[in-house]
Amino acid sequence: MRFKKKGERVKRFGFGFVVAAGLSLATLSVGSAIAADDGKSPVPDPAFEKQYQEGKKLEEGKWVLPNGSPTYDVKRNPENTDQVVKVDWYTYSGWRRYHAECHVCHGPNAEGSSFAPALKDSLKTMTYEKFLQVVSSGQERDVAGTKYIMPALGDNPNVMCYVDDLYVYLRARSTDALQGGRLSADQRAEKPKEAQEYEKSCTGG
């Protein structure tokens with residue numbers, strides 16, 4: 001057990017348990033979606049989004065970039081950009097897994113909370129490789145005297161068996177390709193057989 005030094009605040013964040021000095025779950029505050037000035041959901045900046053869409057192709061049921069990292073496929077109604085027409089399976093699965101495993105700390109829609117940063121923003125600069133490293137091995141940061149501790153989740157199958165799904169969802173949020181809010185079953189592509197087979201082998205189910 002590590003004891004806090006005098007004056008030190010410790011926050012444990014991530015996909016698991018949270019401890020915050022002087023705070024309780026009752027005081028948890030989460031971010032809300034930031035809409036555009038016209039009341040519409042934000043849409044991607046083409047120049048920024050290009051790096052996560054250019055050259056993507058569907059391989060074994062998953063959209064991937066030329067460098068091999070997974071990415072999203074989100075289609076909105078061009079006449080009403082607030083309406084999501086269809087998302088790929090991994091984006092949908094990532095949305096479900098995020099709100100089952102991660103949102104208690106990182107807030108609904110990946111917009112952050114009093115305990116942990118907004119992953120929507122973190123993924124603007126974080127690479128796929130760094131994301132895998134942080135999720136599996138954890139990370140500790142000191143920000144103005146406050147320690148933020150992301151626990152290592154490498155042995156948690158509820159996270160690691162779906163780590164690509166989580167990444168794809170968060171990547172879509174980071175570019176504003178996907179706005180905050182719920183996704184319904186009729187907005188998703190069918191679950192690829194490759195995803196079914198991988199899930200079964202990874203979870204043992």
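What you see is a predicted model, and the numbers here were worked out from it, not measured in a lab. Start at 1 with the first residue, then count along the sequence.
- For the pair Asp88 and Tyr90, the tightest heavy-atom approach, listed with the atom from each and the gap, is OD2-N, 3.1 Å.
- The closest side-chain donor-acceptor pair between Tyr128 and Asp164 falls under 3.5 angstrom.
- In this structure, the separation between CD on Glu49 and OG on Ser174 is 9.0 Å, given to the nearest 0.5 Å.
- Using a 4.5 Å cut-off on side-chain heavy atoms (C-beta onward), Trp89 and Glu190 make no contact.
- The OH atom of Tyr162 lies 7.5 Å from the SG atom of Cys202; values are rounded to the nearest 0.5 Å.
- Taken from CG in Asp121 to CG in Leu123, the straight-line distance is 9.5 Å, to the nearest 0.5 Å.
- Using a 4.5 Å heavy-atom cutoff, the side chains of His106 and Pro117 are in contact.
- At a threshold of 4.5 Å between non-hydrogen side-chain atoms, the residues Leu178 and Leu183 count as touching.
- Counting only heavy atoms from C-beta outward, the side chains of Gln53 and Pro44 never approach each other to under 4.5 Å.
- Between Lys130 and Gln139 the shortest side-chain heavy-atom distance falls below 4.5 Å.
- Annotation: side chain of Pro192 is not in contact with side chain of Glu60 (no heavy-atom distance under 4.5 Å).
- Comment: Asp73 does not engage Lys86 in a salt bridge, judged by the lack of any side-chain N to carboxylate O separation of less than 4.0 angstrom.
- For the residue pair Gln196 and Lys193, no side-chain donor N or O sits within less than 3.5 Å of a side-chain acceptor on the partner.
- Of all non-hydrogen atoms in Gln179 and Val84, the two that sit nearest each other are OE1-CG2, 3.3 Å.
- Interatomic distance, Asp165 CG to Tyr92 OH, rounded to the nearest 0.5 Å: 12.0 Å.
- For the residue pair Ser93 and Arg96, no side-chain donor N or O sits within less than 3.5 Å of a side-chain acceptor on the partner.
- Salt bridge annotation for Arg97-Glu101: absent, with no cationic side-chain nitrogen under 4.0 angstrom from a carboxylate oxygen.
- Put simply, SG on Cys102 and CG on Leu166 are 5.0 Å apart, with the number rounded to the nearest 0.5 Å.
- If you take OG1 on Thr91 and OH on Tyr169, they are separated by 10.0 Å, rounding to the nearest 0.5 Å.
- Counting only heavy atoms from C-beta outward, the side chains of Trp95 and Arg182 approach each other to under 4.5 Å.
- One side chain, Thr175 or Tyr72, offers a donor N or O that lies under 3.5 Å from an acceptor on the other.
- Side-chain atoms of Leu170 and Met126, non-hydrogen and from C-beta on, never get closer than 4.5 Å to each other.
- Open room surrounds NZ on Lys50; 12 or fewer heavy atoms of other groups in view lie less than 6.0 Å from it.
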